[in-house]
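Written below as structure tokens is the structure these notes are about.
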Amino acid sequence: MEHLLPYRLLDSGNCRKLEQAGPYRIIRPALNAFWKPALPRSEWEKADAEFHRESSGGGIWNWKRKHAEEWHLAWGGLTLLARPTNFGHLGFFAEQAPNWDWMRSCIARIPGHARTLNLFAYSGGATLAMAEAGAEACHLDASKGIIEWAKKNQALNPKTENRVRWICDDALKFAAREARRGNRYHGIALDPPSFGRGAQGQIWKIEEGLEKLLTDCRAILNLDEPHFLLLSCHSQGFSPVSLGRCLASVFPESAGQIECGEMLIPEADGTRQLPAGIFARFFAK
């Protein structure tokens with residue numbers, strides 16, 4: 001493995017963020033960064049690329065120098081494959097790293113062999129963190145291409161070998177089938193989208209479907225043994241408190257253990273943070 005450069009958030013402001021993503025310095029939108037940047041303009045002008053979002057939802061990368069199609073970097077205790085996408089993503093969400101650490105700590109407190117499930121699993125950061133901690137992790141995503149990306153990430157993290165089960169399916173249908181089968185998990189992580197459309201044209205809206213999804217998650221959690229659930233979200237209209245209340249309505253016996261808050265990315269100077277989503281979670285003994 002080559003020498004890995006880490007991911008770092010260098011600065012933010014004017015609704016943008018300046019990041020060092022391994023060997024490349026990039027600028028991407030940060031729509032809630034309403035403040036002024038802390039670093040001088042000269043530091044921002046050193047960026048190798050900037051992503052410009054279009055009204056259609058996609059966008060364009062403008063590169064100033066020759067770059068690799070994909071590269072490796074270190075973040076959250078993992079080695080990750082980064083690749084610039086048409087939506088401005090790099091293949092991981094930096095704000096999730098504290099949640100990965102939290103799940104690692106939960107798994108360490110579960111006796112025996114923990115079984116965990118990552119719904120809407122994307123490129124597998126949470127999956128690999130759980131597997132690295134010793135869990136038998138099930139990774140579920142509806143995109144075959146994204147699952148292939150996650151498998152490449154697993155190959156970069158050998159401690160997770162033979163600990164991941166890969167499923168390409170609709171998350172809601174899978175959770176409902178697992179409940180009917182009587183399968184149980186010690187931990188579930190889910191980051192549902194705001195909106196989605198299934199293969200048969202069915203519509204998902206988080207404000208309408210979240211309670212049913214959490215109810216199905218309850219049905220497949222092993223409530224008789226130590227267990228955890230992590231719910232994260234990037235949807236407008238939700239706050240940490242509202243997300244926590246959604247969780248408490250389905251898991252009332254664990255309401256006292258629920259913690260909720262903003263997902264934050266620390267800036268490189270160590271004094272500032274960029275909010276980038278919200279979470280609600282609990283560990284129950």
Side-chain angles (χ1 to χ4, degrees), residues 96 99 102-103 106-107 110 113-122 124-127 129-131 135-144 146-147 150 164-235 237-238 240 242-260 277-285:
Q96 291 283 6
N99 282 330
W102 179 81
M103 287 187 287
C106 290
I107 291 167
I110 296 174
H113 197 58
R115 297 183 69 232
T116 62
L117 171 63
N118 188 10
L119 295 171
F120 311 98
Y122 195 49
T127 303
M130 292 189 287
E136 176 187 332
C138 180
H139 176 106
L140 185 137
D141 197 276
S143 168
K144 291 182 179 179
I146 288 296
I147 289 177
V164 180
R165 175 189 175 202
W166 307 100
I167 303 289
C168 183
D169 201 350
D170 177 89
L172 284 79
K173 292 181 178 178
F174 178 81
R177 282 201 306 273
E178 288 290 86
R180 292 194 296 270
R181 293 167 180 156
N183 290 333
R184 298 291 181 267
Y185 297 87
H186 297 94
I188 299 176
L190 63 157
D191 188 294
S194 302
F195 177 86
R197 192 183 301 273
Q200 283 75 47
Q202 63 271 35
I203 300 296
W204 158 265
K205 294 181 180 180
I206 188 171
E207 66 272 17
E208 298 174 0
L210 183 58
E211 182 179 8
K212 173 63 166 59
L213 176 59
L214 289 175
T215 300
D216 286 340
C217 287
R218 179 184 176 89
I220 59 177
L221 266 179
N222 190 338
L223 302 178
D224 296 327
E225 297 182 11
H227 58 275
F228 67 88
L229 188 140
L230 166 67
L231 170 63
S232 59
C233 148
H234 298 82
S235 302
F238 285 87
S242 65
L243 204 65
R245 288 195 64 173
C246 290
L247 201 55
S249 69
V250 178
F251 297 91
E253 72 282 3
S254 297
Q257 285 76 50
I258 292 174
E259 53 182 352
C260 52
I278 59 175
F279 71 87
R281 64 197 187 192
F282 71 86
F283 176 83
K285 297 180 181 180

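None of the values given here were measured: they were computed from a predicted structure. Values below: all heavy atoms of this structure, side chains included; hydrogens, waters and symmetry mates excluded.
The aromatic rings of Phe282 and His227 sit perpendicular to each other, their planes meeting at more than 60°, with 30° as the lower class boundary.
The closest donor-acceptor contact from the side chain of Asp141 to the backbone of Tyr122 lies under 3.5 Å.
Contact record, Ala121 with Thr127: CB-OG1, 4.1 Å, taken as the closest heavy-atom pair. Closest approach of His234 to Gly277, counting heavy atoms only: CD2-CA, 4.0 Å. Counting all heavy atoms, side chain and backbone alike, Cys246 lies closest to Ser249 at O-OG, 2.7 Å. Residues Ala135 and Ile107 come closest through the heavy atom pair CB-CD1, 3.7 Å. Closest heavy-atom contact between Ala248 and Ala255: CB-CB, 4.1 Å. When all heavy atoms of Phe120 and Leu213 are compared, the closest pair comes out as CE1-CD2, 3.7 Å.
Contact of the Pro192 side chain with the Ile206 side chain is registered, since non-hydrogen atoms from C-beta on lie closer than 4.5 Å. Using a 4.5 Å heavy-atom threshold, the side chains of Asn183 and Ile220 count as separate. Two residues are said to be in side-chain contact when any heavy atoms from C-beta on lie closer than 4.5 Å; Leu247 and Cys260 fail this criterion. At least one side-chain heavy atom of Ile110 sits less than 4.5 Å from a side-chain heavy atom of Phe283. Counting heavy atoms from C-beta outward, Leu229 and Leu190 have side chains that approach closer than 4.5 Å.
For the atom pair CD1 (Ile147) and CG (Asp169), the distance works out to 9.0 Å, reported to the nearest 0.5 Å. The structure places CG of Asn118 at 6.5 Å from CE of Met103, a figure rounded to the nearest 0.5 Å. To the nearest 0.5 angstrom, Phe238 atom CZ is 5.5 Å from Leu210 atom CG. From Ser235, atom OG reaches atom NZ of Lys205 across 13.0 Å, with rounding to the nearest 0.5 Å. To the nearest 0.5 Å, the span separating CG on Leu231 from CD1 on Ile278 amounts to 8.0 Å.
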**Request:** Please report the C-alpha distance between Val250 and Cys217 in whole Å, then the side-chain angles of each, then the deciding distance to 0.1 Å, and finally whether the side chain to side chain contact (heavy atoms under 4.5 Å, CB included) criterion is met.
**Result:** CA-CA 9 Å; Val250 178; Cys217 287; over 6 Å; no
**Message:** side chain to side chain contact (heavy atoms under 4.5 Å, CB included), that's the test. Do Gln96 and Asp191 meet it? Break it down for me.
**Reply:** CA-CA 10 Å; Gln96 291 283 6; Asp191 188 294; 3.0 Å; yes
**Asked** For Glu259 and Trp102, what are the C-alpha separation, side-chain angles and deciding distance, and is it a side chain to side chain contact (heavy atoms under 4.5 Å, CB included)?
**Response** CA-CA 11 Å; Glu259 53 182 352; Trp102 179 81; 3.2 Å; yes
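Here salt bridge (charged side-chain N to carboxylate O under 4.0 Å, His left out) pairs that include residues 213-226, with residues two or more places apart or in two chains, are Lys212-Asp216, Arg218-Glu253.
Evaluation of the side chain to side chain donor-acceptor pair (under 3.5 Å) rule for Ser143 yields no partner, not counting sequence neighbours. Remark: Glu136 engages His113, Arg115 in a side-chain contact (heavy atoms from CB on, under 4.5 Å) (not counting sequence neighbours). By the side-chain contact (heavy atoms from CB on, under 4.5 Å) test, Arg180 pairs with Ala176, Arg177, sequence neighbours left out. Residues passing the side chain to side chain donor-acceptor pair (under 3.5 Å) test with Thr215: none are found, sequence neighbours excluded. Qualifying salt bridge (Lys or Arg N to Asp or Glu O under 4.0 Å) partners for Arg184, counting only residues two or more places apart in sequence or in other chains: none.
More than 12 heavy atoms of other residues, nucleotides or ligands sit less than 6.0 Å from atom CD of Gln257.
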